[in-house]
Amino acid sequence: MHSQTTISRFPSLSTQTHFESLISFIKSTTKTTQLLEIHAYLLRTSLIQNTTFSVPFLNRISLPPLQNLTYSLRTFSQISRPIVTHYNTIIRAYAMSKYPEKGFYVYRDMMRKSKSPNSQSLSFVTKCCTKSCSVFGGLQVHARILRDGYCFDTLLLTTLMEFYSGGGKGDDACKVFDEMPQRDTVAWNVLVSCYTRNGRTRDALDVFDRMQRGEHGCDPDDVTCLLVLQACSNMCAFEFGERVHQYVKDHGYSHALNICNSLVAMYSKCGQLDKAYEVFQGIPNKDVVSWTAMISGFASNGRGREAINVFREMQRMGISPDEQTFTALLSGCSHSGLLDEGRSIFDRMQRVFGLVPNIHHYGCVVDLMGRVGLVEDAYELIISMKCKPDATIWRTLLGACKVHGNLTLGERVIERLIELKAQEAGDYILLLNIYSSAGNWEKVIELRKLMKEKGIQTTPSASTIELKGEIHEFKVDDTSHPRINEVYEILDEIEKQLKIGGYNAEITDVRLSYHSEKLAMAFGVLATPPGTKIRVAKDLRICTDCHNFAKMLSAVYSREVTIRDRTRFHHFREGRCSCNDFW
DNA sequence: GCGCCTCCGC
């Protein structure tokens, strides 16, 4: 009713005021119904042909909160001679929609009509190519950017970096960055995100210093901190993370909720639960993300009961858990072997909170059942799922079959993986280990032959250890580290000592050579004074042998050892592990 | 005028 009066009032005013108030009304309204009335009015008066009206109208209808693609397209089609800005609006609308590839068609169409794209058109169409993973389109746009001389446009080039980074072409993104004559903080941020996304976490951390050092230095902003904290989590770079925390305090970001949440996650993922909890308690207005981060922190560090307590506290505070909260909680139950608690939470999640379990939730429950030996039940659960089982969930069960030496089920599971055409080297290694644990050497030889025939290559795993803020990396049977000879020497010495303590190298695991985590631990013993905590991060899951090795090391050398593997933390102390062998 | 961004898991 209100809008009706507003529009009908327009003609009574002088033309100037009429137009001005109409435009400001378009810019301020957020109601689709009001915009539809205006649309009808613009059409009736042919004012829609006037860019002064059509541009703000298109912006309003195509951008959030309305984002109405249908009306944007209809309006666009009613404009008889669209200009570049109109096209840009539509390309942007497609970039934000579910059909990003159509943005590229509009871009091509506009060029066919001899309209030259400007910086904005190129920026939006690049985004379309990024979202639709169109390598072909992106390369064409890149060529156009160079041809039209936009190589000074920082903003446009940053968008182009995103295209390469998202398409897994990190090197090309870096090249665009290197050739940029000017860089702002956002360009640096995209570089960090590019490194993180493409697995070059170390380089991501280096950027934090590089950007401050540079000639035309840029100060990291809050987004830089978020990204770098993520990189610290991935690398288990605790000391680096602390430095970023200091930077956050010094630059007044310590009250930003997203930064605080990232800090909780970073400290948790570096195994520093006390620090994580300290930051967590200092957050005045904790949201779901904060609570989930803390639950996950306890969960991945093998403290399932505390994770459940935090969850209870969260409910007392009236914060509703979301799907991710339950994933964290259920994974906590599985890491700590809390079968009944896990089952009850899985049940309450559906009954009380009305959430439909997704593949991750099922994955956690399968993991939980598998760990405690209910492998057949876990198999039944996967079969009963409403969603399609993926390779990962089968792989989880395969791992459980290995732990419990269930050969027949293991074979059935690998068949499923083969059906999904998703079998990886790691899956064969697991099956291989199942056979060798059972002493079935014929099958071992047969499978090895099969792997050779299929050309399956095992990727060497790597472990890292941080000393004085510097990251040292070791691979299986490493030969590259500068102090590798000393490392092997001390490793032999350690093994001798541990054997006296009762450690025996297990021969059930096939790949028995110098595992990277052993090398990293040995380096820790070598390079730090006695009594210093050893913190190692590993990209795959730790094997039984290395687990025993670490347990014994913690007792014989009186060192606390922390190993973060692909899925969780292991805190070793006085010959025991926080995981109680539930891993 | 447009770009980067917090919590989960197998």
Side-chain angles (χ1 to χ4, degrees), chain A residues 55-56 59 63 85 88-89 91-92 95-96 118-127 130 153-163 165-166 183-194 196-197 220-230 233 253 256-266 268-269 276 280 283 286-297 299-300 307 314 319 321-332 334-335 357-368 370 378 382 389-400 541 566-568:
Chain A
V55 169
N59 273 328
L63 288 173
T85 315
N88 291 353
T89 323
I91 299 173
R92 178 180 53 196
M96 295 188 300
N118 59 20
S119 155
Q120 242 189 94
S121 334
L122 294 166
S123 179
F124 295 144
V125 76
T126 305
K127 195 152 192 175
T130 309
D153 193 326
T154 307
L155 213 64
L156 181 51
L157 294 178
T158 307
T159 320
L160 190 64
M161 279 177 70
E162 278 263 278
F163 161 74
S165 163
R183 296 151 188 164
D184 59 9
T185 301
V186 180
W188 284 100
N189 290 350
V190 174
L191 186 69
V192 179
S193 128
C194 170
T196 314
R197 271 204 268 181
D221 65 0
D222 51 341
V223 178
T224 321
C225 292
L226 287 174
L227 291 163
V228 173
L229 284 173
Q230 244 181 351
S233 307
Y253 296 131
L257 190 55
N258 52 0
I259 297 264
C260 291
N261 294 345
S262 287
L263 282 168
V264 173
M266 183 276 291
S268 298
K269 286 177 183 172
F280 174 73
I283 306 176
K286 303 178 188 68
D287 65 357
V288 209
V289 179
S290 328
W291 288 97
T292 305
M294 199 62 243
I295 290 171
S296 156
S300 58
M314 167 184 186
I319 307 285
D322 63 8
E323 293 191 345
Q324 310 195 77
T325 315
F326 281 103
T327 314
L329 203 49
L330 289 169
S331 85
S334 82
H335 289 323
N358 62 27
I359 189 103
H360 308 307
H361 300 128
Y362 281 112
C364 292
V365 179
V366 166
D367 194 45
L368 173 59
I382 297 180
D390 63 358
T392 319
I393 204 161
W394 287 121
R395 215 162 272 146
T396 306
L397 185 56
L398 189 61
R541 280 185 73 170
R566 195 190 184 88
T567 53
R568 61 165 301 159

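Basis for what follows: all heavy atoms, side chains included, without hydrogens, waters or symmetry-related copies. By convention in this document, chain letters (A, B, ...) are assigned in the order of the sequence lines, proteins followed by strands, and residues within each chain are numbered from 1. Just so we're clear, the structure is a prediction, and the values are computed from it rather than from any experiment.
Inter-residue side-chain proximity for Leu227(A) and Thr196(A) is flagged as unmet; no heavy-atom pair is nearer than 4.5 Å.
At whole-Å resolution of the value, CD in Gln324(A) and P in dC8(B) are 8 Å apart. Taking atom CG of residue Asn261(A) and atom C1' of nucleotide dC5(B), one finds them 12 Å apart after rounding to whole Å. In this structure, the CG atom of Leu156(A) is 17 Å from the P atom of dG1(B), given to the nearest Å. Atom P of nucleotide dG3(B) and atom CZ of Phe124(A) are separated by 7 Å, given to the nearest angstrom. Between Asp221(A) atom CG and dT6(B) atom P the separation is 13 Å, expressed in whole Å. Note: CZ (Arg92(A)) to P (dG1(B)) measures 12 Å, nearest angstrom. Rounded to an integer number of Å, the gap from Trp188(A) CH2 to dC4(B) P is 19 Å.
Side-chain contact check for Asp222(A) and Asn258(A): no donor-acceptor pair (N or O, by modelled atom type) lies under 3.5 Å. Between the side chains of Asp367(A) and Thr396(A), no donor-acceptor pair of N or O atoms lies under 3.5 Å.
Remark: Arg197(A) engages Glu162(A) in a salt bridge (charged side-chain N to carboxylate O under 4.0 Å, His left out) (not counting sequence neighbours).
In this structure, the nucleotide among dG9(B), dG1(B), dT6(B) sitting nearest to the side chain of Val289(A) is dT6(B). Picking from dC5(B), dG3(B), dC4(B) the nucleotide with the shortest atom distance to the side chain of Asn258(A) gives dC5(B). Distances were taken from every side-chain heavy atom of Thr85(A) (C-beta onward) to each of dG1(B), dC4(B), dC5(B); the shortest belongs to dG1(B). Distances were taken from every side-chain heavy atom of Leu226(A) (C-beta onward) to each of dC2(B), dT6(B), dC8(B); the shortest belongs to dT6(B). You'll find that the side chain of Leu155(A) is closest to dC2(B), out of dC5(B), dC7(B), dC2(B). Comparing atom distances between the Asn189(A) side chain and each of dC7(B), dC4(B), dG3(B) picks out dC4(B) as nearest.
Residue-to-nucleotide contacts include no donor-acceptor pair under 3.5 Å from the side chain of Asp367(A) to the base of dG9(B). Residue Glu162(A) places no side-chain atom within donor-acceptor reach of the base of dG3(B), judged by atom type and a 3.5 Å distance cut-off alone. Under 3.5 Å, the side chain of Thr158(A) and the base of dG3(B) form at least one donor-acceptor pair of N or O atoms.
Taking CG from Asn358(A) and OG1 from Thr327(A), the interatomic distance works out to 5.5 Å, rounded to the nearest 0.5 Å.
Under 4.0 angstrom from either OP1 or OP2 of dC4(B) there lies at least one side-chain N or O belonging to Lys127(A). Phosphate contact (OP1/OP2 of dG9(B), side-chain N/O of Ser296(A), threshold under 4.0 Å): present.
Using a 4.0 Å heavy-atom distance criterion, Thr126(A) is classed as making no nucleic acid contact.
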